[in-house]
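Data block below; observations after.
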Amino acid sequence: DAGITQSPRHKVTETGTPVTLRCHQTENHRYMYWYRQDPGHGLRLIHYSYGVKDTDKGEVSDGYSVSRSKTEDFLLTLESATSSQTSVYFCAISELGVPGELFFGEGSRLTVL
Amino acid sequence: AQKVTQAQTEISVVEKEDVTLDCVYETRDTTYYLFWYKQPPSGELVFLIRRNSFDEQNEISGRYSWNFQKSTSSFNFTITASQVVDSAVYFCALSEASNNDMRFGAGTRLTVKP
């Protein structure tokens with residue numbers, strides 16, 4: 001199994017509070033991704049990174065920011081959480097980027113009250 | 001932007017039946033990659049297969065087979081002699097060579113009853 005760890009795995013927070021989710025990999029893969037999973041939508045890309053300090057927006061990036069200061073860590077931040085950001089968040093890594101398969105973390109369930 | 005449609009929201013079969021999960025995609029790129037992932041009730045996402053746009057050969061892996069047809073923009077997944085352990089949500093996904101956004105379909109929830 002790919003070495004991907006997400007933390008926290010579960011979080012309940014209140015509207016307006018900041019939240020940071022962490023993804024840590026031990027595979028030394030160049031590409032890292034944050035997706036959110038919602039019923040009826042499958043998985044949608046929030047942000048991705050193609051190297052240290054190199055990030056770009058995905059399909060649903062509004063309200064989210066990311067940072068990657070080390071190869072192994074990719075942080076997703078909700079500056080001011082809203083109820084619409086209640087979701088399951090998955091981190092994924094890829095060695096090849098576009099042509100390659102993604103390996104996913106176990107997911108982080110976030111509830112914003 | 002690319003798009004993936006999985007029209008079947010839920011499918012229920014009895015063990016040992018064959019079942020086909022449909023996937024239709026849209027893309028303007030000539031180079032693209034198609035994927036299937038499985039999400040069992042435990043929640044993790046498991047990679048099943050990748051196909052590139054230049055390889056239309058069908059693939060069989062045990063009870064699983066995939067039919068890629070560019071003429072109909074489809075990449076269907078068949079499970080032969082289904083088993084209870086096949087119960088999961090299955091996602092079809094598409095990556096284009098021109099961008100880094102792997103697009104997923106909404107998923108098909110397969111329930112295999114004993």
Side-chain angles (χ1 to χ4, degrees), chain A residues 1-6 8-10 23 27 29-51 54-61 64 66 68 74 87-110, chain B residues 1-10 21-27 29-55 59 61 66 75 88-109:
Chain A
D1 292 342
I4 310 169
T5 305
Q6 292 185 227
R9 295 287 316 283
H10 301 273
C23 178
E27 305 296 321
H29 284 352
R30 177 182 176 188
Y31 298 88
M32 298 186 75
Y33 307 80
W34 276 107
Y35 282 86
R36 60 178 289 174
Q37 182 178 14
D38 304 290
H41 291 279
L43 288 95
R44 292 178 292 175
L45 182 65
I46 304 171
H47 283 279
Y48 67 94
S49 170
Y50 46 97
D54 291 323
T55 65
D56 207 347
K57 297 178 180 180
E59 182 187 3
V60 292
S61 60
Y64 302 94
V66 290
R68 192 168 177 199
F74 193 33
S87 186
V88 180
Y89 292 85
F90 284 94
C91 174
I93 64 174
S94 173
E95 187 174 12
L96 301 176
V98 168
E101 65 269 33
L102 301 181
F103 297 99
F104 287 87
E106 295 175 310
S108 295
R109 182 175 295 276
L110 175 67
Chain B
Q2 70 269 46
K3 183 179 178 182
V4 177
T5 301
Q6 295 180 256
Q8 304 151 309
T9 305
E10 295 190 23
L21 309 182
D22 297 333
C23 174
V24 174
Y25 63 91
E26 297 176 26
T27 179
D29 278 24
T30 56
T31 301
Y32 54 89
Y33 306 86
L34 294 162
F35 304 81
W36 277 95
Y37 289 85
K38 175 182 180 180
Q39 186 176 42
S42 51
E44 74 272 24
L45 285 147
V46 179
F47 164 74
L48 294 178
I49 190 171
R50 173 185 62 217
R51 262 285 174 266
N52 71 57
S53 53
F54 300 106
D55 183 2
E59 180 150 342
S61 176
W66 290 269
F75 186 44
V89 180
Y90 291 87
F91 293 98
C92 180
L94 166 67
S95 286
E96 296 174 326
S98 59
N99 71 74
N100 260 299
D101 187 352
M102 181 181 288
R103 289 290 173 103
F104 286 76
T108 297
R109 180 179 299 277

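Note: hydrogens, waters and symmetry copies are ignored here, and every other heavy atom, side chains too, is used. Residue numbering restarts at 1 for every chain, and letters A, B, ... go by the order of the sequence lines.
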Determine whether more than 12 heavy atoms belonging to other residues, nucleotides or ligands lie under 6.0 Å from atom [atom1] of [X].
X: A:Glu95; atom1: CD; result: no
X: A:Arg109; atom1: CZ; result: no
X: A:Arg9; atom1: CZ; result: yes

What part of A:Tyr35 gets within 4.5 angstrom of chain B, counting heavy atoms only: side chain, backbone, both, or neither?
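Only the side chain of A:Tyr35 comes within 4.5 Å of chain B.
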For chain B, which of [options] has the most heavy-atom pairs under 4.5 Å?
options: A:Gly100, A:Pro99, A:Pro39, A:Gly105; answer: A:Pro99
options: A:Gly40, A:Gly42, A:Gly107; answer: A:Gly42
options: A:Glu106, A:Arg44, A:Gln37; answer: A:Gln37

For the residue pair B:Tyr37 and A:Phe104, categorise the inter-ring angle as parallel (less than 30°), tilted (30 to 60°) or perpendicular (more than 60°).
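Aromatic pair B:Tyr37/A:Phe104 classed perpendicular.
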Top residue by heavy-atom pair count (under 4.5 Å) with chain A, among B:Glu96, B:Arg50, B:Glu44?
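Most pairs with chain A among the choices: B:Arg50.
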Go through B:Gly105, B:Gly107, B:Ser42 and name the one with the most non-hydrogen pairs under 4.5 angstrom from chain A.
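Ranked by heavy-atom pairs under 4.5 Å with chain A, first place is B:Gly105.
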So A:Tyr48 and B:Asp101, side-chain contact (heavy atoms from CB on, under 4.5 Å) or not? Walk me through it.
CA-CA 8 Å; A:Tyr48 67 94; B:Asp101 187 352; 6.0 Å; no
Using the rule side chain to side chain contact (heavy atoms under 4.5 Å, CB included), only one of A:Val66, A:Leu102, A:Ile93, A:Leu43 pairs with A:Tyr33; which is it?
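Of A:Val66, A:Leu102, A:Ile93, A:Leu43, side chain to side chain contact (heavy atoms under 4.5 Å, CB included) with A:Tyr33 is met by A:Leu102 alone.
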Under 4.5 Å heavy-atom distance to chain A, tell me which part of B:Tyr33 shows up: side chain, backbone, both or neither.
side chain
Below 4.5 Å from any heavy atom of chain A, which atoms of B:Asn52 appear? Answer side chain, backbone, both or neither.
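Contact with chain A is absent: no heavy atom of B:Asn52 under 4.5 Å.
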